[in-house]
2 protein chains.
Amino acid sequence: MSDRHTAVPSMVSAPLPDPVPVGEYERCPVTDILRRVGDKWSILVIVLLGKRPYRFNELHRGIEVISQRMLTRTLRGLETDGLVHREVFPTKPPSVEYSLTPLGRTLLAPLSGLADWAVEHGPDIMAARAALDLDSSGETPSPARGIVRESA
Amino acid sequence: MSDRHTAVPSMVSAPLPDPVPVGEYERCPVTDILRRVGDKWSILVIVLLGKRPYRFNELHRGIEVISQRMLTRTLRGLETDGLVHREVFPTKPPSVEYSLTPLGRTLLAPLSGLADWAVEHGPDIMAARAALDLDSSGETPSPARGIVRESA
DNA sequence: CCGTATCCAGAATGATACTG
DNA sequence: CAGTATCATTCTGGATACGG
């Protein structure tokens with residue numbers, strides 16, 4: 001983290017600074033982006049469009065389990081943010097082609113960083129989950145979760 | 001994107017391949033991570049804990065607008081995934097310290113990539129949104145959104 | 001072919017009160 | 001101090017039907 005984007009600038013280094021409210025205003029742009037892209041379909045669409053342009057029903061067939069509604073909504077959102085370009089060919093019947101904008105393409109690289117992390121450490125997360133599952137299933141029958149689990 | 005994580009391997013290069021369902025099984029791990037970290041508070045907490053360990057109420061005061069419930073849930077989730085370590089000091093009254101695990105710290109770097117992107121291109125997104133707002137407010141009074149907006 | 005309009009279920013978040 | 005419990009609200013995603 002390069003230290004320029006946090007919504008709580010002073011807090012991060014000072015011991016007990018004044019609380020900085022994080023409201024609708026002045027929020028961390030990183031959180032913004034993560035929430036824009038952290039929904040159920042955006043990434044999949046972005047990655048696909050990173051390969052080549054797609055027509056609407058092509059995407060629909062490709063992802064398959066996505067509902068028409070959500071595909072439309074996802075594409076609209078990405079278009080609104082200038083990440084995806086929508087081009088209508090007035091043929092008959094009409095066809096619509098979606099592609100990444102230059103801005104959208106710049107997102108592929110940082111996305112790749114998190115992608116690699118996910119691939120590399122995904123198993124670690126699964127292991128951590130499994131470990132806690134074992135904890136709560138076996139000994140110390142869920143001690144109401146407060147004490148009991150010391151540092152150990 | 002390093003090409004190893006997509007849930008639709010064949011589709012990306014073939015013109016009209018067989019649809020690959022993306023269900024609860026066999027999903028893209030990147031989407032997984034993005035959704036784990038794309039919630040309202042996780043990133044903020046991770047970034048803070050990246051600086052130094054925090055006690056519960058310290059985080060609560062720091063973020064301020066977060067509800068006690070959500071702070072607890074966020075920390076629980078991160079702990080479950082092995083990203084955050086929770087250490088209870090049986091003082092009186094008890095104090096609990098949260099810190100990043102080694103695994104959690106490895107997440108800071110890729111997160112930083114997206115952070116930098118957000119800081120750099122956030123304005124572009126705002127501009128894109130503003131541009132579309134102008135479109136729909138001024139001329140061509142929202143032509144039911146299908147044709148009319150050709151390539152132009 | 002490419003959508004929009006409705007309606008609905010479930011999850012995420014928040015407000016508030018209470019507890020070891 | 002560090003939570004848990006409960007309830008209300010909002011957001012997200014999906015099913016279905018219809019329209020240009």
Side-chain angles (χ1 to χ4, degrees), chain A residues 16 21-24 27 31-32 34-45 53-79 84 86-98 142-150, chain B residues 16 21-24 27 31 34-45 53-79 84 86-98 136 142-150:
Chain A
L16 285 174
V22 180
E24 304 306 53
R27 11 210 287 242
T31 296
D32 251 353
L34 264 290
R35 286 178 73 87
R36 131 70 60 238
V37 130
D39 70 325
K40 202 168 181 180
W41 304 110
S42 289
I43 298 217
L44 198 45
V45 169
Y54 275 81
R55 302 234 323 268
F56 183 86
N57 272 0
E58 235 179 334
L59 286 170
H60 198 190
R61 277 191 303 269
I63 304 183
E64 192 181 52
V65 292
I66 195 175
S67 63
Q68 214 171 29
R69 172 185 143 91
M70 285 316 296
L71 180 54
T72 302
R73 279 174 57 98
T74 301
L75 289 168
R76 287 286 176 274
L78 295 174
E79 188 196 3
V84 160
R86 176 177 182 266
E87 184 158 6
V88 179
F89 298 98
T91 58
K92 201 172 181 282
S95 72
V96 179
E97 190 182 87
Y98 292 92
S142 281
R145 241 260 147 194
I147 315 299
V148 176
R149 287 177 57 216
E150 310 297 296
Chain B
L16 285 172
V22 179
E24 306 305 54
R27 13 208 286 242
T31 297
L34 264 291
R35 286 178 74 85
R36 132 69 60 239
V37 130
D39 71 323
K40 203 168 181 181
W41 305 109
S42 289
I43 297 214
L44 199 43
V45 169
Y54 275 81
R55 303 232 323 271
F56 183 85
N57 272 359
E58 234 179 336
L59 286 171
H60 198 190
R61 277 192 302 269
I63 305 184
E64 194 181 50
V65 292
I66 194 176
S67 64
Q68 215 170 29
R69 174 185 141 88
M70 284 317 294
L71 179 54
T72 302
R73 280 176 56 97
T74 300
L75 288 168
R76 288 283 177 276
L78 295 174
E79 188 196 4
V84 159
R86 175 178 183 266
E87 184 156 7
V88 179
F89 297 98
T91 57
K92 201 176 181 283
S95 72
V96 180
E97 190 183 88
Y98 292 92
S136 50
S142 281
R145 242 259 145 199
I147 316 298
V148 176
R149 287 177 57 215
E150 311 296 298

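Chain letters run A, B, ... following the sequence lines, proteins first and then strands; every chain starts at 1. All of these numbers come straight from a predicted model, not from anything done at the bench.
- Considering only heavy atoms from C-beta on, Lys40(A) stays 4.5 Å or farther from Thr31(B) through its side chain.
- With contacts defined as side-chain heavy-atom distances shorter than 4.5 Å, the pair Leu75(A)/Trp41(A) does not qualify.
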**OP:** Run the numbers on Arg73(B) and Arg76(B) for side chain to side chain contact (heavy atoms under 4.5 Å, CB included), then give the verdict.
**Re:** CA-CA 5 Å; Arg73(B) 280 176 56 97; Arg76(B) 288 283 177 276; 5.5 Å; no
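- Separating the CH2 atom of Trp41(B) from the C1' atom of dA12(C) is a distance of 12 Å, rounded to the nearest angstrom.
- Closest approach to the Arg61(B) side chain among dG3(D), dC1(C), dC1(D) is made by dC1(D) (side chain taken as heavy atoms from C-beta onward).
- Phosphate proximity of dA2(D) to Arg76(B): absent, as no side-chain N or O sits under 4.0 Å from OP1 or OP2.
- Nearest nucleotide to the side chain of Gln68(A), out of dA17(D), dC1(C), dT4(D): dA17(D).
- Atom CZ of Arg69(B) and atom OG1 of Thr72(B) lie 9.5 Å apart (nearest 0.5 Å).
- Closest approach of Arg35(B) and Gly38(A) over heavy atoms only: CG-O, 2.9 Å.
- Across His60(A) and Ile66(A), no two heavy atoms sit closer than the pair NE2-O, 3.2 Å.
- Closest to the side chain of Arg55(B), from the set dC1(D), dT4(D), dG3(C), is dC1(D).
- The C1' atoms of five pairs define one axis at each end of the helix from dC1(C)-dG20(D) to dG20(C)-dC1(D), and these two axes lie 50° apart (to 10°).
- With rounding to the nearest 0.5 angstrom, the OH atom of Tyr98(B) is 12.5 Å from the CD atom of Glu58(B).
- Residue Glu87(B) contributes atom CD, which lies 15 Å from atom C1' of dA2(D) at whole-angstrom precision.
- Rounded to whole angstrom, the span from the NZ atom of Lys92(B) across to the P atom of dT19(C) amounts to 17 Å.
- Residue Tyr54(B) contributes atom OH, which lies 18 Å from atom C1' of dA2(D) at whole-angstrom precision.
- Between Arg36(A) and Ser42(A) the shortest heavy-atom distance is O-OG, 3.6 Å.
- Rounded to whole angstrom, the span from the CG atom of Leu71(A) across to the P atom of dA15(D) amounts to 14 Å.
- To the nearest angstrom, P of dG3(D) lies 10 Å from CG of Leu59(B).
- You'll find that the side chain of Ser67(A) is closest to dA15(D), out of dC2(C), dA15(D), dC1(D).
- Residue Asp39(B) holds its CG atom at 10.5 Å from CG of Leu44(B), rounded to the nearest 0.5 Å.
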Subject >> Nucleic acid footprint by protein, nucleotides 6-12 of chain D - heavy-atom cut-off 4.0 Å, B for base, S for sugar-phosphate alone >> reply: B------
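- An OP1 or OP2 oxygen of dC1(D) is reached within less than 4.0 angstrom by no side-chain nitrogen or oxygen of Tyr98(B).
- The distance between atom NE2 of His60(A) and atom C1' of dT4(C), rounded to the nearest whole Å, is 14 Å.
- Base contact: Thr72(A) has a heavy atom under 4.0 Å from a base atom.
- Separating the CZ atom of Arg36(B) from the P atom of dA11(C) is a distance of 16 Å, rounded to the nearest angstrom.
- Ile63(A) places a side-chain heavy atom less than 4.5 Å from the side chain of Val45(A).
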